[in-house]
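What follows is a set of notes on a single structure, which appears directly below.
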Amino acid sequence: MYPSRFRYESPRSINEAIALLQEGGGEAKVLAGGQSLVPLLKLRFAAPELLVDINGLPGLDHHTVDPDGTIRIGALCRHADLERWAVLPARQPTMAAAAPLVADPIVRNRGTLVGSLCHADPQGDWASVVTALGGHVVAQGANGRRSIPVTQFVTGPFQNTLGYDEIAVEAVIPAPKGQAAGGYLKLERRVGDFATAGVAVAVELSGAVVTRAGIALTGVGGSTIDAGDAAQSLAGGQLTGDSIDNAADLAARAAQPRTDHRGSAEYKRQIVRTFVVRILTGVKESTERAA
Amino acid sequence: MTQARDEIKIGGLGASRRRVEDNRFVRGKGRYVDDIVLPDMLHMEILRSPLAHARITSIDVSKAWQVPGVRLVLTGEMMASRNLAWMPTLSYDTQAVLATDKVRFQGQEVACVIADDPYIAKDACEAIVVEYEPLPVIVNPAQALAEDAPLIRDDKENQPDNVVFDWEVGDKEGTDRAFAQADVVSTLELHYPRSHPSPLECCGSIADFDRSTSKLTVYMTTQAPHIIRAAVALVAELPEHMIRIVSPDLGGGFGNKVPVYPGYVASILASILLERPVKWIEDKTGNLISTGFGRDIYLRGEMALRNDGKILGVRMQTESDHGAFFSDAQPSKFKIGLLHSAFACYDIPAAHLVNRGVYTNKAPGGVAYRCSFRVTEAMYFQERMMQAAADDLGMDQAEFRRRNFVRDHDFPHRTPFGFLTDSGQYGKCLDVGLEAIGYQGFLKQKEEAKQRGRLLGIGISTMTEPLGAGNSREYDILGIKMFDSAELRVHMTGKAILRTGAKSQGQGHETTWAQIVAHELGIPAEDITVEEGDTDTAPFGMGTYASRSTPVAGAAVSMVARKIRAKARKLAAHLLEVSEEDIEWELGRFYVRSAPGQGVTIQECAAAAYSNMPDGMEPGLENVAYYDPPNLTWPFACYIVTVEVDPQTGVWDVLRVVAVDDCGVRINPMIVEGQIMGGLTEAYAMASMQFITFDAQGNCVGSNYMDYLLPTAWETPGYELHEVVTPSPHHPIGAKGVGECATVGGPAAFVNAVMDAIRDTGVRNIDMPLLPDRVYEALTQRHDVSGAPPVRTDD
């Protein structure tokens, strides 16, 4: 790897890191897991003057559940930490389903959920999952912290709303108001390939009634797609074959895929439709079993 | 009686001995070209063309020279002033070293920077300003052969069009007669997509010219160091004895490291000009977009059939896409390699094949990617055609193959295109495979699954292929005959060093060659060092590709060991004080026939060669053998795959893979099994996910491992391996080539299985790779899916 010349700093405190970003004045980049940034440096697609490595910062590697059920993921929490987090499947099955599907084991050992949100790749798995769960990102800058809903945080392909001197320090998943259910399915040509299509479905159930639903799509548009209409169609009712099919059709309609070497636009829509049906049918069947 | 047991104990023939070379590989102690650091070494980086076809109007290197630490900037113009702008290829064509007039493919070498470190070299490359005037781009044979197609090779005299060559083989009239008698004629049209051998280690070299001795040493990633030495002598006009090519540990080759690449030549010139070592290490993208690819051939054919299933004749019309330069490294007599080995395992009276090779604005290559010169394409077409014909006849695909196999007692057999096959038990291999997969049971299971809307399929691929070029009558590269060699030196203490003209890239020669010597001489394999790849020490050989190591160099190892044994016999007679005629040999020991208790070991004979030789005998115990095989070797394989296709997504899962390989006598069964598993994995990759495609502008899609997919352990199916042993009738120890069988025969088994699963749609063909979207398209649209996957068509 022979990137362009850059300055490298490894600050020891968050304030020091923010000061470095201010010094960089927009020509600085934050390095966390490096699983997207480093390949870009290698290809010289990215050539920042300053790299601020936050791996030495204390207090950012957490993944915790508040007493009320809110999940907090620190900026240095690795994908692999989530994959191995024993309480996650019961607490938040959509996240638990996605964690082992992110890239490959080597990437998962280094890469971070928060970094994936910041990178805002339309192929990123976590942006869909956090969108479906209605999560937000906590950003810290010179003037303190602010909270940004993920749907506003990701503004386009490889674009987020962070100021150049802000660091995304945490992702927050709100506590479910009922029983959390759902899943994540992804079609990839090979482990570690970008998704041909991916679907995140998160529902909250009170008995058999859906009290909240979120559906978001990976890799079928210029950005992560929030299939709000599809999710909305499920809220307040029970899961039935018809309601599932209807949601799947709405999700497929929300997708904006392009024909490329991973498949035709129509094919990708079919995958979205199929995956929504498969996840929701799984939820329906396990609800019926429980009842 | 006890010999077999002793032989395994000393690591001889049939011992699954652990690989000697793995000791250093698993410890990270392998020594690859990039591990070599010489004093005062400089680093070279190549500037490549962003365009596929364009005239160069200017190159401004002034800013590159200004980057601190830059030692030399090379352009085509500078190469031309030394008559090095163009170099000969291994197929009697020429290839640009650095472009002078035009660039002819994306990624073509335009300039080189030599600097103190690779960062500086890369920075300086970015400072070079090249102005291009874009030209119309050709990315496939149809465009190349269009009437108004732009001429790609306007550098060549007598080149009015984009045709590289026309080649024809077989009996046209006889084939026409066969078709006139046919009850049924089956047709099939395929594209075997461009793939890349993609060794994990990319290409590279360190050229070290020493002015004081006039000696040029080049450490180089090459599968054929001696051919390279000859080529360097011709291209650089240096005396051959002043050139030393060293091919150290190689991280895979698969045919990619046979051709001569511009980077090698440029690093050599740079070292001569600067009188310092110059290292060039290619990056992954450079390797994928500019070095020898595999396949990229359009295959059309038809089969004349009798209603009872007998094949009467075959016709093939093929078009091969060679990219911008014909640098395939084929045997010079066979322009399209051994494509005409197709249908060799079937008894077919008549066949005819025509091939047209064309230039396109794509990287050159067409190398034998883990196969014996285009044999992969031949066998893929053969086995897809066999399935299509069985379908057309409404005949069971296994039975159709069996009915047409060459029978065990019919050898030697002349194939329809003129090869002479010599041995095999084709029917037995098929039986072993069908039994292992539970053929009848699966067919029943498939029918039951269909009732529940599930799609199961079974695919068979059976083939024999020609491995181990040559013999010297028919096979040469640039006129150099395709023999090989081995040199054996037995030391005073009975230990030995063996050198051959082959070059391991992962095949395990250090392990298996020692086993052949152990088999011939009874010296324990662990007492034998094997060394390859250094032209100053190794005997002349043609290198390792086309599964030729064991058939040719391996045979030379046997022959040189036998020469040693012949001399040792004389020494034994001397030591035992009897005449040579009274001596018998058992593994590792000569004894007196009439008194078997009286004997001497091979080690005692070795000691005598240096300390107690008879009067008049030349001292020492060493020899060299050059082996020119009488024929190719003809291994046979039967691969059977079962799959389930998901009708809603087109995703297909492999249920089982059964492989029956008959590669003759196995020297190291563990290594053979490793080769078969590796080959099957590459077959699965090509069938399921792998391709390099080009958009209309000639931009390469597949230029890195995000786009060019190698299967991981996650996707790779499990394999069930079986064997049948039919020794080669002419190889000294009965071995046949095997390294490439599974890559060659495997793809059709996977594709046939998927096609079988969706048979009810009436779809005849999906071109590889069978990505889920292509299978889904065939399932739902009920039409063939042909050609390379599209690239962004709806923008």
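So you know, we letter chains A, B, ... as the sequences are listed, proteins then strands, and number each from 1.
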Positive for side chain to side chain donor-acceptor pair (under 3.5 Å) with B:His191, one of B:Asp767, B:Asn765, B:Asp296: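 Of the listed residues B:Asp767, B:Asn765, B:Asp296, the side chain to side chain donor-acceptor pair (under 3.5 Å) partner of B:His191 is B:Asp296.
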
So which of A:Thr218, A:Asp226, A:Thr224, A:Thr94 actually passes side chain to side chain donor-acceptor pair (under 3.5 Å) with A:Ser128?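 Answer after filtering A:Thr218, A:Asp226, A:Thr224, A:Thr94: A:Thr218.
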
Contact leader toward chain B among A:Arg278, A:Gln270, A:Arg190, A:Arg5, where contacts are heavy-atom pairs under 4.5 Å: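 Greatest number of close heavy-atom pairs with chain B: A:Arg190.
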
At a heavy-atom distance under 4.5 Å, which candidate from A:Lys42, A:Met1, A:Arg44, A:Arg189 has the highest pair count against chain B?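 Maximum pair count with chain B is reached by A:Arg44.
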
Atom group of [X] that falls short of 4.5 Å from chain B, counting heavy atoms:
{"X": "A:Ser264", "result": "backbone"}
{"X": "A:Pro3", "result": "both"}
{"X": "A:Arg273", "result": "neither"}

Looking at A:Arg7 and A:Glu49, does any basic side-chain N land under 4.0 Å from a carboxylate oxygen?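 The answer is no: the pair does not qualify as a salt bridge.
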
For the residue pair A:Asp121 and A:Pro157, establish whether any side-chain heavy-atom pair is separated by less than 4.5 Å.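 No; the side chains remain at least 4.5 Å from each other.
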
Short question: side chain of A:Lys268, backbone of A:Thr196 - any donor-acceptor pair under 3.5 Å?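 Side chain of A:Lys268 to backbone of A:Thr196: no pair is present.
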
Any donor-acceptor N/O pair, A:Asp245 side chain to A:Asp242 backbone, under 3.5 Å: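 No, A:Asp245 side chain to A:Asp242 backbone: no donor-acceptor pair under 3.5 Å.
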
Side chain, backbone, both or neither: which part of [X] has an atom under 4.5 Å from a heavy atom of chain A?
{"X": "B:Asp117", "value": "neither"}
{"X": "B:Gln648", "value": "both"}
{"X": "B:Met706", "value": "both"}
{"X": "B:Glu45", "value": "neither"}
{"X": "B:Pro118", "value": "both"}
{"X": "B:Leu771", "value": "side chain"}

Report the option among B:Thr712, B:Thr649, B:Val651, B:Thr780 that has the most heavy-atom pairs separated by less than 4.5 Å from atoms of chain A.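 Most heavy-atom pairs within the cutoff with chain A belong to B:Thr649.
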
What closest approach, in Å, do A:Ala230 and A:Ile215 show between heavy atoms, and which atom pair accounts for it?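 That closest heavy-atom pairing would be CB-CD1, 3.9 Å.
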
Parallel, tilted or perpendicular: which describes the rings of B:Tyr684 and B:Trp652, with under 30° parallel and over 60° perpendicular?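 If you compare the ring of B:Tyr684 with that of B:Trp652, the planes turn out perpendicular.
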
